[in-house]
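Not measured: the values here are computed from a predicted model. Order of the sequence lines fixes the chain letters, A, B, ..., with proteins taken first and strands second; residue numbering starts at 1 for each chain.
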Protein chains: 2
Amino acid sequence: MAKRPIDRRVARTRETLHQALLSLILEKGYEATSVEEVCERANIGRSTFYAHFTSKDDLKRSGLDHLRRKLLERHRSASASMPAGTRLLGFSLPMFEHARDHIDLYRALIGSKGGAIALDTIRQTLCDFVRGELATTKGKDATGIPRELVVQHIVGAYMAVLIWWLDDGAKLPPGQMDEFFQRLMSEGIASYS
Amino acid sequence: MAKRPIDRRVARTRETLHQALLSLILEKGYEATSVEEVCERANIGRSTFYAHFTSKDDLKRSGLDHLRRKLLERHRSASASMPAGTRLLGFSLPMFEHARDHIDLYRALIGSKGGAIALDTIRQTLCDFVRGELATTKGKDATGIPRELVVQHIVGAYMAVLIWWLDDGAKLPPGQMDEFFQRLMSEGIASYS
DNA sequence: GCGAAACAGCACACGATGTACGATAAGGGA
DNA sequence: TCCCTTATCGTACATCGTGTGCTGTTTCGC
């Protein structure tokens with residue numbers, strides 16, 4: 001399990017390729033980007049690309065794994081210092097903040113050009129969070145609503161709001177976005193009908 | 001605007017191609033399906049394909065336009081016989097029912113293999129519905145929450161629930177799904193925290 | 001039936017993919 | 001510093017899907 005330090009050339013190549021793909025996604029979208037273009041942008045031979053990744057999708061997956069680990073880590077440390085009862089939607093603020101801190105990354109992955117797989121990775125990660133929290137409030141499911149439906153409901157609303165915020169330029173501060181989302185989610189939209 | 005009757009051969013070819021694409025999406029997903037395969041499945045020459053559609057995406061778009069028109073029509077007739085005040089989420093039941101009635105179509109377009117563009121078409125159509133209804137309840141937006149955020153929140157939650165329902169085999173009846181969704185949406189999830 | 005379409009089948013050029021291999025360069029341990 | 005290992009490069013090659021053009025043949029609508 002103790003892996004020896006990776007050759008610097010390998011680390012450099014992988015990182016450069018990741019960056020190149022990201023910048024190209026921002027410019028023309030994921031689907032429209034070819035392996036050849038990624039290599040050209042990264043100044044790396046195409047044969048070298050295939051020495052590290054089996055395809056364009058593989059490169060993207062690798063980047064998403066990295067993101068997923070970061071999200072897990074962030075969620076752990078954030079929810080630890082959170083009073084029970086507020087944890088069900090506790091992913092919201094840290095997530096908004098993480099998105100603001102890495103807005104280029106998120107706009108590339110999530111925005112209208114990013115493609116759906118990246119989005120699904122984040123979605124599933126959030127679903128895991130919510131599912132975990134929901135499992136701790138066992139007594140409250142006398143509503144007859146399937147638990148997984150509630151999970152999808154919460155995360156679906158959140159992802160839509162997040163995407164809208166990012167595509168709109170992330171104008172509102174994360175704290176306010178979090179407040180709005182939590183209000184809508186916990187109190188419902190009764191005041192609108 | 002009065003268009004002359006379309007040549008039967010044209011109608012037949014187009015319809016056959018649409019069906020062939022649908023069945024292939026169900027089998028192996030949209031991205032993994034080639035124009036050649038669609039033609040083979042449809043027993044139609046590849047050159048004929050390009051006489052009708054400029055690309056695979058074009059064929060899909062054409063099918064989605066058809067679906068969009070159907071949804072608009074259904075929503076109009078349904079919301080007409082609906083008391084004001086219940087219309088904001090009024091798209092829910094008709095949509096669940098439409099999905100159940102054309103479950104193969106929806107599973108192909110929306111399911112995990114369907115690709116994201118189809119999903120976005122439905123999402124945008126629903127957004128239009130909600131945006132329209134929300135505009136009629138002007139007085140209620142003293143919450144300070146941007147109206148578009150509310151729209152995205154509602155439709156995001158709905159789409160997630162719809163997709164879950166379909167991917168899970170549409171076991172619950174549309175009426176119950178509608179009830180669950182409306183409860184979660186109007187009363188919020190306060191009872192869970 | 002006749003003329004105008006829609007259609008099939010084929011060939012072609014093009015671009016992207018994934019693989020293979022020898023030559024060169026760079027890293028890391030001694 | 002030297003030397004061995006390994007990464008990288010460049011190139012060539014086979015494969016596949018795409019979009020277009022062309023020539024007959026079939027079929028529809030009048």
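Spacing between atom CZ of B/Arg14 and atom C1' of C/dA5 amounts to 14 Å, rounded to whole angstrom units. Rounded to an integer number of Å, the gap from B/Tyr50 OH to C/dA13 C1' is 14 Å. Note: CG (B/Asp7) to C1' (C/dA6) measures 7 Å, nearest angstrom. If you take CZ of B/Phe53 and C1' of C/dA6, they are 14 Å apart, rounded to a whole angstrom. With rounding to whole Å, A/Lys56 atom NZ is found 7 Å from C/dT17 atom P. Here D/dT18 presents its P atom at 12 Å from CD of B/Glu31, a figure rounded to the nearest Å. Spacing between atom CD1 of A/Ile44 and atom P of D/dT8 amounts to 7 Å, rounded to whole angstrom units. If you take CD of B/Glu40 and C1' of C/dG9, they are 15 Å apart, rounded to a whole angstrom.
Side-chain to base pairing of B/Arg9 with D/dT27: one donor and one acceptor N or O lie within less than 3.5 Å of each other. Checked by distance alone, B/Ser34 brings no side-chain donor or acceptor within 3.5 Å of a matching partner on the base of D/dG17. Looking at A/Arg46, its side chain comes within 3.5 Å of the base of C/dG18 through a donor and an acceptor atom.
Of the side-chain N and O atoms in B/His52, none sit less than 4.0 angstrom from OP1 or OP2 of C/dA6.
Geometrically, B/Lys56 engages B/Tyr30 in a cation-pi contact, judged by NZ or CZ lying under 6.0 Å from the ring centre and within 45° of the ring axis.
Nearest to the side-chain atoms of B/Ser47 among the listed nucleotides C/dA8, D/dC9, D/dT18 stands C/dA8. The side chain of A/Thr13 sits closest to D/dT8 out of D/dA7, D/dT8, D/dT20. Each of D/dT8, C/dG18, C/dA6 was ranked by its minimum atom distance to the side chain of B/Val10; first place goes to C/dA6.
Comparing B/Glu36 and B/Arg8 by the nucleotide of DNA chain D that holds the closest heavy atom to each, the one mapping nearer the 5' end is B/Glu36. Where B/Phe49 and B/Arg12 meet DNA chain D, the nucleotide closest to each residue was compared, and B/Phe49 sits on the side nearer the 5' end.
Here the rule is side chain to side chain contact (heavy atoms under 4.5 Å, CB included) with A/Pro174, and of A/His98, A/Glu179, A/Arg100 only A/Arg100 fits it.
Among the heavy atoms of the strands lying under 4.0 Å from B/Asn43 are primed sugar atoms or P, OP1, OP2 only; no base atom is included.
Between B/Phe96 and B/Phe91, the distance separating the two ring centers is not shorter than 6.0 angstrom. A ring-centre distance under 6.0 Å is not found for B/His153 and B/Tyr158.
No side-chain donor-acceptor contact under 3.5 Å links A/Arg68 and A/Thr121.
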